[in-house]
Amino acid sequence: MTNPTSTTAAPGALAGRREWTAFLVLLLPLLLVSMDVSVLFFAIPSIDRDLAPSATQQLWIFDVYAFALAGLLITMGSLGDRIGRRKLLLIGALAFGAASVCAAYASSPEMLIAARAVLGIGGATLMPSTIGLVRNMFRDERQRAKAIGIWSGAMAGGVALGSVLSGVMLEHFWWGSVFLINVPAMLLLLVLVPLLVPEFKDPNPGRFDFLSVPLSMGTVLPVVYGVKESAAHGLNAERALIIAAGLAVGWVFVRRQRTRPDAMISRGLFRNRGFGLGIGLNALAAFAMMGSAFFTTQYLQSVLGMGTLEAALWSLAPSLAVGAAAPTATALAQRTGRATVVCGGFVTGAAGFAVFTLAGTDSLALLLIGSAVMSSGIVAVMALVSDLAMAVSPAEKAGSAASLLETGQEFGGALGMALLGAVSTAVYRADMPAAAPEIARKTLPGALATGDGSLITLGREAFVHSMRYASVTGSLVLLTGAVLAATLLRRAARSAPAAPETAAEAQAPAPVPAV
């Protein structure tokens, strides 16, 4: 059987039914990878009963997936450019499916941690491969923008959907079922991708730089880990040293990439200013998205007193508005220009944060409205700047471009949780009485744990006050993004190529048929 090659049409050629069908298939791994970030949200109590992990093991069960994913994105993006994005996608799907089975039937904490690590490695192959393939399959500028808009919305929705689906599954099945839902989707992917998706790879990739693999991981992992731990527990000397070590390794990594002819990250990606600006603005949007999650989740559970499943279900409500944000932004950008809509998206996100400042201790409607407004603006920004970054990248380097885009998003999200979390924590501690128990002065869940009614009331009021300060900070950050979009993005758009193909891409040979 010969693989379809319709996506190798001339630059600007319209994608047909086959390409859109293939695109729907490629949304499967994206949804599952983003869902797995939150799929353990409700499963931990059951895992505690069956496997009895220590406190450290429980943290690693939660975190190892995200760390493996973030640490290997750059490596896997470069690898996909070399061996073929479809091939890497299929390898990753096989690993993801097998690791899901191992996680579902894990008999010890160590086995579950190992399976979650392999899931993260598989996820690192799937994410850059999918958006890289989308970049190659859709040559028409309007169609590509629409596809990447849908891709961005699906990725944002997957995290929220993961926690809800986890809660529903655990109502009827054992904790391992939250992993087994991956298996049918991966089997479907393994069958349909060879039938529908052509292979794409760099025809002249050069040698693979093996030394850059540990250097890239040594850059990303310590910084992401240090920032996330600082968001959760506060910045101390140890965490500052971890972040500093990652930045030092990053300096070595960047220096190596700038001097080697076969660098893991092609210097050609940054020749167009739109690429770096797209990554930066996308990271800024992720900053707001993840930073807001730091206090909205706590508000639903600790201030309003909702159970975890009820809170997760309510958190899905804003998705109704968010689902339309990316396609609408794409359509508007084609009429008024990308810079205008991105600027408007940042302003809309800032307005959503402003709504949070009006919330009291019983303001579910305001929280949901603020979340819907903020998320709609942010998803619109992500869709358009992601499309910009991919559009100005050479098609043969689409995997590397996608991996840098997603790595920037990981950094932005971690920084958002750290900064807005730090602002919220500082205001909360300042509002709580000095005579209150230390556990109550640290966090609102700590105040709830005391069982003291007056202290709980003070804690809830202090948390809402701290949320207002964090929201003002988030608004200021997004308004800064709006200014950057208005001043820099318009110039970057003017410097972007008129067509989505570069000269190198136009001369690249057609994808090799698979037999």
Side-chain angles (χ1 to χ4, degrees), residues 28-76 79-80 88-130 155 158-159 161-190 193 213-214 217 220-221 224-225 228-229 308 406 410:
L28 278 174
L30 172 67
L31 278 170
L32 292 174
V33 169
S34 53
M35 282 168 53
D36 260 48
V37 172
S38 57
V39 77
L40 287 185
F41 195 63
F42 298 109
I44 283 297
S46 299
I47 292 172
D48 281 347
R49 287 194 300 269
D50 289 353
L51 303 183
S54 66
T56 301
Q57 288 172 328
Q58 187 183 101
L59 286 174
W60 278 109
I61 289 170
F62 250 111
D63 293 339
V64 70
Y65 173 82
F67 290 141
L69 178 69
L72 286 169
L73 279 171
I74 293 175
T75 297
M76 294 304 179
L79 185 62
L88 186 65
L89 177 67
L90 293 173
I91 293 171
L94 186 62
F96 202 86
S100 297
V101 174
C102 292
Y105 294 100
S107 57
S108 67
E110 293 82 4
M111 184 176 176
L112 183 54
I113 291 169
R116 288 277 288 170
V118 177
L119 281 169
I121 295 170
T125 70
L126 297 173
M127 293 190 73
S129 296
T130 54
M155 183 175 62
V159 176
L161 184 60
S163 59
V164 173
L165 188 58
S166 168
V168 172
M169 294 291 288
L170 289 168
E171 287 286 325
H172 305 284
F173 306 103
W174 95 111
W175 62 264
S177 64
V178 302
F179 296 108
L180 289 184
I181 57 177
N182 297 331
V183 177
M186 288 302 156
L187 290 175
L188 188 63
L189 196 71
L190 290 169
V193 165
V213 174
M217 293 180 68
V220 175
L221 285 177
V224 171
Y225 174 81
K228 285 188 174 181
E229 286 294 297
T308 47
E406 289 156 7
E410 292 287 332

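One distance of note links OG of S108 with CG of D50; it measures 12.5 Å at 0.5 Å rounding. Between T130 atom OG1 and L88 atom CG the span is 10.5 Å, to the nearest 0.5 Å. Between L90 atom CG and L126 atom CG the span is 9.5 Å, to the nearest 0.5 Å.
Listed here is the closest heavy atom pair of P128 and L73: CD-CD2, 3.8 Å. The two residues L189 and A93 make their nearest non-hydrogen contact at CD2-CB, 3.6 Å. Between A99 and V118 the shortest heavy-atom distance is CB-CG1, 3.6 Å. Contact detail for N182 and S100: the closest heavy-atom pair is ND2-OG, 3.0 Å. Across every non-hydrogen atom of L69 and G123, the tightest pair is CD1-C, 3.2 Å. Of all heavy-atom pairs between G97 and V183, the closest is O-CG2, 4.0 Å.
When the side chain to side chain contact (heavy atoms under 4.5 Å, CB included) test is applied to L51, the partners found at least two apart in sequence or on another chain are I47, P53, P109, L112, W175. Remark: I113 engages Q57, W60, I61, V64 in a side chain to side chain contact (heavy atoms under 4.5 Å, CB included) (not counting sequence neighbours).
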For this session: Dump the intermediate steps for side-chain contact (heavy atoms from CB on, under 4.5 Å) on V220 and E410, then the final yes or no.
Result: CA-CA 9 Å; V220 175; E410 292 287 332; 5.9 Å; no
Problem set entry | Trace of the side-chain contact (heavy atoms from CB on, under 4.5 Å) decision for M76 with I91 | CA-CA 11 Å; M76 294 304 179; I91 293 171; over 6 Å; no
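Within the structure, ring-ring contact (aromatic ring centres under 6.0 Å, His included) pairs that include any residue of residues 99-119 comprise Y105-W174 (at least two apart or interchain).
When side chains are defined from C-beta on, M186 does not count as touching V101, because their heavy atoms never get closer than 4.5 Å. Residues L89 and V193 form a side-chain contact, since some pair of their non-hydrogen atoms from C-beta on lies under 4.5 Å apart. When side chains are defined from C-beta on, L119 counts as touching F179, because their heavy atoms get closer than 4.5 Å.
Atom OH of Y225 has 12 or fewer neighbouring heavy atoms from other residues, nucleotides or ligands inside a 6.0 Å radius.
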